[in-house]
Amino acid sequence: MKKSTFLFVSLLLSFRFWYLSFIPLNRDIFLVLFILWGFLGFIFFPKKQRKSLYTIKYKKYFYWILIGVMISMFNADLFWDQNLLTTLIAQRFIYAFIFLIPLLYIQPSEEDILKALKWISFCTFLVWLLGVFNPALLGKGADDEVVKSQTDFGYYVNGIHFVVFYFYFVVQKYIEKFKWKDFLKATLLFSFLLIYQNRSILIGAVIVVFYSLFRFRSRYKGGLILSIAGILCFIVIYTQEIWLNLIEATEHQLNSDKYNRWKSLYYYFNEYSPNWFTYLFGNGMPSGGNSKLGDLMWNNFTKGIYASDLGMIGMWTTYGLIPLVTIYAVIFKIIYQKKFPLYLKFICFHIIAVPTIFQFWFNPGVYLFIIIFYMYAYHNENNRSIKECYQ
């Protein structure tokens, strides 16, 4: 089996096959399949020399996250009367982080990962497009945890963050060496993101596009920028009603103290944690209907207060600072050190700029951070090997 194929299957499992209505598997089954698939990698790919990545130097990121999760689990027991077994079950989806261990063992190349991202991005677009014409295709999961969310054109589809990730790679390609095929591919991907209409996705993508227009070199640059400006003007004018509604809704939400994100932000910063220890190290994952903490979560839902609305900030209230410090330490290293590629810097910048759409409660959010950890380790070791060759 090719490593890119192995990665593509793992992405499919982390996406839960986009909740396609004809695949009646619940999220627990997908979690088991995802973890099992990871450990099958030890069988699929015979052991060779695996000293550089498969070491405690990079495994430690999984261990640090696990330590943070375990501390929050004890907090749920000590301060919220939610017993350890209940929390252990409630937080089960974060155990997907263990996939980092087999990934470090298998050691796919950057080309393998990008090839898998290319395939999954195309499939995600195809599933979204099919959902436009056949909404019943994007049904609820077998455990009914998914409610379809409609935009002005199509439905939200699982895994869009990985499309953005691959889009950033294509942008990097035409920045470094301009080729029409890369530029056109990036244009098509960006058009998809525009039509998709997720504001948090677009913030990062638009900034990267404008950055690329200043950075790339081509004798056609002036004409291309004018053409892009013309096409964007046409799209905006043709779809102005959609964008006006989007802007109006955004202004209304940002100016309203009843906006769910504002309410959630105030609540979780000021009222949720019962003491400084839980404020720093998390309250644990609530188990709805099975504890005082779970009942509080249901009650907050009725008030429009969701930790999920806060993304990474919401992760802090659940699992505390240790997992976040672990993740952001890697993210800042990637951004500030020259040895890491642009596309990796772009996705890390996006996570910092718009933390509310990224999470590691469950897949595919967990898998995104796993790949970022792996790419950090991969480029860190590659750079070190190159330096050693010249010494």
| request: Starting from the C-alpha separation in whole Å, work towards a yes-or-no answer on side-chain contact (heavy atoms from CB on, under 4.5 Å) for F42 and F39. | output: CA-CA 6 Å; F42 287 97; F39 282 94; 3.4 Å; yes
| Derivation of the side-chain contact (heavy atoms from CB on, under 4.5 Å) call for V170 and F190 | CA-CA 10 Å; V170 180; F190 185 61; over 6 Å; no
Do the side chains of [X] and [Y] join up, straight or via other hydrophobic residues, at under 4.5 Å, putting them in one cluster?
X	Y	answer
L78	Y272	yes
W276	L321	yes
I352	I347	yes
V32	F362	no
L114	L188	no

Only distances under 3.5 Å count here; give the side-chain donor-acceptor pairs of residues 82-91 to other protein atoms, sequence neighbours excluded, each with its distance to 0.1 Å.
unit_1 : atom_1 : unit_2 : atom_2 : d
Q82    : OE1    : S287   : N      : 3.0
Q82    : OE1    : S291   : OG     : 2.4
Q82    : NE2    : T87    : OG1    : 2.9
Q82    : NE2    : M285   : O      : 2.7
N83    : OD1    : L85    : N      : 3.2
N83    : OD1    : T86    : N      : 2.8
N83    : OD1    : T86    : OG1    : 2.9
N83    : ND2    : T86    : OG1    : 3.1
T87    : OG1    : N83    : O      : 3.2
Q91    : NE2    : Y95    : OH     : 3.1

Any donor-acceptor pair under 3.5 Å linking the side chain of [X] with the backbone of [Y]?
X	Y	answer
S21	A136	yes
R215	Q172	no
H350	S200	yes
E381	L53	no
S264	A307	no
K345	Q337	yes

| said: Show, in sequence, the C-alpha distance, side-chain angles and deciding distance for K118 and K185, and conclude whether the side-chain contact (heavy atoms from CB on, under 4.5 Å) test is met. | reply: CA-CA 11 Å; K118 177 182 177 180; K185 187 188 293 185; 4.2 Å; yes
Please tell me if the side chains of [X] and [Y] come closer than 4.5 Å, counting only heavy atoms from C-beta onward.
X	Y	value
W361	V366	no
Y196	Y156	yes
F8	C123	yes
I71	F277	yes
I106	F44	no
Q107	S52	yes

Of all heavy-atom pairs between [X] and [Y], which one has the smallest distance, and what is that distance?
X	Y	value
S273	T278	CB-OG1, 3.4 Å
M1	T5	CG-CB, 4.1 Å
I201	N198	N-OD1, 2.9 Å
L193	L202	O-CD2, 3.6 Å
P108	L103	CD-O, 3.6 Å
I305	K263	CG1-CB, 4.4 Å

Would you please indicate if the ring centroids of [X] and [Y] are separated by under 6.0 Å?
X	Y	answer
Y168	Y343	no
Y166	W119	no
Y54	Y105	yes
F373	Y58	no
W316	Y279	yes

| field | Sole candidate of F358, F167, F369 that passes ring pair (Phe, Tyr, Trp, His ring centres under 6.0 Å) when paired with H161 | value |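 Single ring pair (Phe, Tyr, Trp, His ring centres under 6.0 Å) partner of H161 among F358, F167, F369: F358.
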| request: Identify the residue among F30, F15, F34 that makes a ring pair (Phe, Tyr, Trp, His ring centres under 6.0 Å) with Y367. | output: F34
Side chains of residues 294-303: which donor-acceptor partners sit under 3.5 Å, not counting sequence neighbours?
unit_1 : atom_1 : unit_2 : atom_2 : d
N300   : ND2    : Y267   : OH     : 3.3
N300   : ND2    : L296   : O      : 3.3
T302   : OG1    : N299   : O      : 2.5

| message | Under the side chain to side chain contact (heavy atoms under 4.5 Å, CB included) test against L20, which residue among V127, N158, L130 passes? | response | V127
| message | Applying salt bridge (charged side-chain N to carboxylate O under 4.0 Å, His left out) to K3 and D112, what does each step give before you reach the verdict? | response | CA-CA 6 Å; K3 291 180 181 179; D112 292 325; 5.4 Å; no
| Side chains of N75 and S72: do they bring a donor and an acceptor to under 3.5 Å? |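 No - no donor-acceptor pair under 3.5 Å links their side chains.
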| query | Going through the checks in order, is the ring-ring contact (aromatic ring centres under 6.0 Å, His included) test met by W37 and F99? | reply | CA-CA 9 Å; W37 183 253; F99 198 94; 8.9 Å; no
| query | Rounded to the nearest 0.5 Å, how far apart are OH of Y374 and CD1 of I370? | reply | 13.0 Å
| message | Under the rule for side-chain hydrogen bond (donor to acceptor under 3.5 Å, both in side chains), what residues qualify as partners of Y328, not counting sequence neighbours? | response |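 For Y328 there are no side-chain hydrogen bond (donor to acceptor under 3.5 Å, both in side chains) partners, ignoring immediate neighbours.
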| Given the rule in the side-chain contact (heavy atoms from CB on, under 4.5 Å) test, do K179 and K173 qualify, once you have shown the distances and angles that lead to the verdict? | CA-CA 8 Å; K179 289 183 180 179; K173 285 186 73 177; over 6 Å; no
| task | Return yes when atom CD of E271 has more than 12 non-hydrogen atoms of other residues, nucleotides or ligands closer than 6.0 Å, and no otherwise. | result | yes
